[in-house]
K.L.:
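Dumping the structure here so I can ask a few things about it.
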Amino acid sequence: MPFERAAKTADVAAGTIHEVQMAGKPVALANVAGKFYAISNTCLHRGGPLGQGSLQDKIVSCPWHGWEYDVTTGKVVQNPAAGVACYATEVRGDEIFVDIA
Ligand code: FES
């Protein structure tokens with residue numbers, strides 16, 4: 001699957017996470033100190049929207065019940081054996097591309 005455009009770099013400020021739709025699939029796109037990371041938007045617990053959670057450094061907390069995920073890997077902080085999909089990202093000019101394969 002080729003990389004697809006996800007957002008403009010200016011739309012995902014450092015220290016924030018956003019929900020973006022890519023080919024009908026919600027993706028959580030985070031900016032950790034200027035580097036972009038993309039993980040599945042859907043929390044493993046009950047499907048909460050991770051892209052609407054709060055980001056502290058590289059950890060996003062699910063807005064529904066607080067499960068925490070490392071956005072650089074998709075792993076659950078309290079149980080790294082579990083995790084959501086983590087997608088490769090690439091910046092081209094002023095746009096962020098994500099490989100949601
Ligand atoms: S749905 Fe994410 S912590 Fe419950």
Side-chain angles (χ1 to χ4, degrees):
M1 183 102 177
F3 280 81
E4 299 202 15
R5 183 190 174 284
K8 286 198 169 284
T9 53
D11 293 338
V12 186
T16 67
I17 188 164
H18 296 268
E19 193 176 83
V20 295
Q21 292 291 329
M22 298 192 62
K25 190 170 171 176
V27 169
L29 187 58
N31 180 336
V32 180
K35 283 196 72 178
F36 296 98
Y37 298 93
I39 60 173
S40 167
N41 191 58
T42 308
C43 180
L44 291 176
H45 181 218
R46 299 223 177 128
L50 299 178
Q52 296 177 26
S54 62
L55 187 67
Q56 291 291 325
D57 189 21
K58 62 179 187 170
I59 306 300
V60 61
S61 301
C62 177
W64 286 4
H65 317 97
W67 281 29
E68 294 178 323
Y69 294 79
D70 182 332
V71 298
T72 68
T73 62
K75 301 293 184 203
V76 176
V77 173
Q78 290 81 1
N79 177 13
V84 294
C86 185
Y87 309 112
T89 68
E90 196 172 284
V91 173
R92 298 180 191 165
D94 64 349
E95 296 186 318
I96 308 157
F97 283 72
V98 175
D99 183 356
I100 56 166

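Sequence positions, counted from 1, serve as the residue numbers for this chain. Both ligands and their constituent atoms are indexed starting at 1 by order of listing.
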K.L.:
Should you measure from each heavy atom of G48, which atoms of ligand 1 turn up under 4.0 Å away?
P.N.:
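That gives atoms 1 (S) of ligand 1.
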K.L.:
Can you establish whether the number of heavy atoms outside K35 located under 6.0 Å from its atom NZ is more than 12?
P.N.:
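No, not enclosed.
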K.L.:
Which atoms of ligand 1 sit under 4.0 Å from any heavy atom of W67?
P.N.:
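The list of qualifying atoms is 3 (S).
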K.L.:
Just checking, R92 and F97: is the charged tip under 6.0 Å from the six-membered ring centre and within 45° of the axis?
P.N.:
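Judged by the rule (NZ or CZ under 6.0 Å from the ring centre, within 45° of its axis), R92 counts as positioned above F97.
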K.L.:
As an exercise, identify every atom of ligand 1 less than 4.0 angstrom from a heavy atom of H65.
P.N.:
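Ligand 1 atoms under the 4.0 Å threshold to H65: 1 (S), 3 (S), 4 (Fe).
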K.L.:
For the pair K75 and D70, evaluate salt bridge (Lys or Arg N to Asp or Glu O under 4.0 Å) and give the outcome as yes or no after the intermediate values.
P.N.:
CA-CA 5 Å; K75 301 293 184 203; D70 182 332; over 6 Å; no
K.L.:
Any N/O/S of C43 under 2.8 Å from atom 2 (Fe) of ligand 1?
P.N.:
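A backbone or side-chain N, O or S atom of C43 is under 2.8 Å from atom 2 (Fe) of ligand 1.
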K.L.:
Could you pull out the atom name of the N/O/S atom in H45 that is nearest atom 4 (Fe) of ligand 1?
P.N.:
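In H45, the N, O or S atom with the shortest distance to atom 4 (Fe) of ligand 1 is ND1.
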K.L.:
Is the backbone of G47 close enough, under 3.5 Å, to the side chain of T42 for a donor and an acceptor to pair up by distance?
P.N.:
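Between the backbone of G47 and the side chain of T42 there is no qualifying donor-acceptor contact (under 3.5 Å).
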K.L.:
If you have a sec, work out which protein heavy atom is nearest atom 1 (S) of ligand 1 and how many Å separate them, to one decimal?
P.N.:
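Among all protein heavy atoms, the one nearest atom 1 (S) of ligand 1 is R46 N, 3.2 Å.
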K.L.:
Nearest non-hydrogen contact with atom 2 (Fe) of ligand 1 belongs to which option: P63, C62, G66?
P.N.:
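Heavy atom nearest to atom 2 (Fe) of ligand 1 belongs to C62.
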K.L.:
Show which atoms of ligand 1 fall inside a sub-4.0 Å distance from at least one heavy-atom site of W64.
P.N.:
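What qualifies from ligand 1 is 1 (S).
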K.L.:
Can you label the angle between the H65 ring and the H45 ring as parallel, tilted or perpendicular, going by 30° and 60°?
P.N.:
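Correct class here is perpendicular.
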K.L.:
Can you confirm whether more than 12 heavy atoms, excluding those of Q78, are under 6.0 Å from its CD atom?
P.N.:
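Correct, the count exceeds 12.
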